[in-house]
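These notes concern the structure reproduced below.
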Amino acid sequence: MRIATWNVNSLKARLEKVWWWLDRAEPDVVLMQETKLADSDAPVAEFAERGYELRHHGEGRWNGVAIASRCGASDVVTNFGEALRPADTPEGDDAPYAEARMISAVCGGVPVVSVYAPNGRTVGSRFYEAKLVWFERLERWLQESWDPDEPLVLGGDLNVAPADDDVWDPQACHGGTHVSPPEREAFARLLERGLIDAYRLHHPEPERYSWWDYRAGNFHKNYGMRIDHVLVSAPVVPRVSWAEIDREARKGKPTPSDHAPVLIDVDAPGKPLDAGWKGAADRIAARRKR
DNA sequence: ATGGTCGCGCAGCGA
């Protein structure tokens, strides 16, 4: 079973790219973020034509998460099992319930979760504080709804680069969001709880990113961050046969998302996929000199 | 290396 997570940066704008990528990677389950759609606008029929059941949770315009699965999607939970609250809800503990950032389902016998952590904007802002509160809510949901001895695959845009190897230039990123100690501690607590970074398990090498700013040719210089993650529980670890970040999906036309999909194969390996990292280092080094 | 680009939606904000 091939499971991917992909911040698509508008599912509506990305639809043609998504169809291309489904053909390319043949994933069984795709955890999506930033669909920017209301549930009523989710392209359920279009996914069904391609053999995927689409489960969507969003209000439109911002945020929005979804799960597309060709091996079933049962027991759907949205927003940590809470009702979405109006966006003008007072700040503080209500922040995790104001935006559509979490959906889970059981696909092919495996519980999967698609999450989109708040960006945080700037360290110390109320948006940053809300990001940390959101991580606390995620932790509590995990504690209440999952036994670490049970299978779980949690994927999404966590908006945290867990280590300095996960950013193109730690000095340049220092002081910003995604790398601050409290954010990294929130990520580390997920690992302490029993989740394992499946990509890192298979790829210890540095300079592997999942997001690159659209601007300034950052993708072509590989100035990025590894902020999209697939975390798996201990029972799943020995079943993960392969992991990749498909940087090919960040290229070309139609316009790509600013994020690349992160994929794992659970049990039997899926279709072979050249994610385009081999030889990229030399080409990138040449570009940086220009 | 706080923006040179996107998406949304029609001005300017969020990422």
Side-chain angles (χ1 to χ4, degrees), chain A residues 5-21 32-43 56 58-66 87-88 91 95-96 98-102 114-132 134-135 156-161 164-180 183 206-207 209-229 247-262 284-290:
Chain A
T5 183
W6 193 8
N7 178 324
V8 294
N9 186 17
S10 171
L11 184 53
K12 184 180 173 187
R14 212 63 59 211
L15 219 43
E16 290 307 311
K17 200 80 171 180
V18 168
W19 303 148
W20 167 81
W21 193 74
M32 288 176 281
Q33 301 86 35
E34 275 206 273
T35 62
K36 298 185 177 178
L37 291 175
D39 291 341
S40 54
D41 294 326
H56 186 272
E59 316 146 278
R61 189 153 191 195
W62 288 302
N63 312 306
V65 285
D88 59 0
E91 302 301 323
E99 296 172 331
R101 297 181 175 277
M102 178 271 174
S114 174
V115 289
Y116 174 44
N119 173 286
R121 304 195 195 181
T122 53
V123 173
S125 67
R126 65 189 174 94
F127 304 99
Y128 174 83
E129 297 302 328
K131 179 178 189 174
L132 298 178
W134 182 88
F135 270 100
D157 177 359
L158 291 178
N159 269 319
V160 176
D164 281 354
D165 271 355
D166 297 316
V167 301
W168 81 97
D169 183 346
Q171 284 303 111
C173 296
H174 183 77
T177 54
H178 301 68
V179 301
S180 75
E183 290 167 273
E207 299 186 351
Y209 310 126
S210 66
W211 169 85
W212 303 259
D213 197 305
Y214 280 123
R215 295 164 291 188
N218 277 9
F219 174 69
H220 301 286
K221 300 177 202 166
N222 201 30
Y223 289 170
M225 291 189 182
R226 194 175 69 94
I227 57 177
D228 301 88
H229 305 284
R247 66 188 291 278
E248 292 300 317
R250 180 60 177 75
K251 298 179 180 177
K253 302 287 179 182
T255 313
S257 168
D258 44 354
H259 296 252
V262 185
I284 290 160
R287 278 196 189 89
R288 284 184 188 175
K289 286 174 188 162
R290 292 209 282 269

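Quick note on labels: first sequence line is chain A, next is B, and so on, each numbered from 1. Remember, predicted model here, so these are calculated numbers, not experimental data.
B/dG3 and B/dG7 have their P atoms separated by 22 Å, with the value rounded to a whole Å. Separating the C1' atom of B/dA1 from that of B/dG12 is a span of 23 Å, rounded to the nearest Å. Across B/dG14 and B/dG9, the matching P atoms stand 14 Å from one another, rounded to whole Å. For the P atoms, the distance from B/dC13 to B/dG4 is 15 Å, rounded to whole Å.
Running 5' to 3' along DNA chain B, contacts with non-hydrogen atoms of chain A at under 4.0 Å begin and end at B/dA1 to B/dA15.
When the nearest nucleotides of DNA chain B are assigned to A/Lys12 and A/Glu34 by heavy-atom distance, the more 5′-ward of the two goes with A/Lys12. The residue among A/Tyr223 and A/His259 whose nearest nucleotide of DNA chain B lies closer to the 5′ end is A/Tyr223.
Listed by chain and residue number, A/Leu132 satisfy the side-chain contact (heavy atoms from CB on, under 4.5 Å) test with A/Glu129 (two or more places apart in sequence, or in another chain). Residues passing the salt bridge (Lys or Arg N to Asp or Glu O under 4.0 Å) test with A/Asp213, sequence neighbours excluded: A/Arg215. Annotation: side-chain contact (heavy atoms from CB on, under 4.5 Å) contacts of A/Trp19 (sequence neighbours excluded): A/Leu15, A/Glu16, A/Leu22, A/Glu46, A/Phe47, A/Arg50. Residues satisfying the salt bridge (Lys or Arg N to Asp or Glu O under 4.0 Å) test with A/Lys12, not counting sequence neighbours, are none. Evaluation of the salt bridge (Lys or Arg N to Asp or Glu O under 4.0 Å) rule for A/Glu99 yields A/Arg101 as partners, not counting sequence neighbours. Residues forming a salt bridge (Lys or Arg N to Asp or Glu O under 4.0 Å) with A/Arg61 (at least two apart in sequence, or on another chain): none.
Residues of residues 210-218 of chain A that place a heavy atom closer than 4.0 Å to DNA chain B, in numerical order, are A/Asp213, A/Tyr214, A/Arg215, A/Ala216, A/Asn218.
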Output a table of donor-acceptor pairs, distance under 3.5 Å, between side-chain atoms of residues 170-177 of chain A and any protein atom two or more places apart or on a different chain; print 'none' if there are none.
none

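Residue contacts for A/Asn119: at a heavy-atom cut-off of 4.0 Å it reaches the sugar-phosphate backbone alone, with no base atom in range.
Under the side-chain hydrogen bond (donor to acceptor under 3.5 Å, both in side chains) test applied with A/Gln33, the options A/Asn7, A/Asp157, A/Asn63, A/Thr5 reduce to a single match, A/Thr5.
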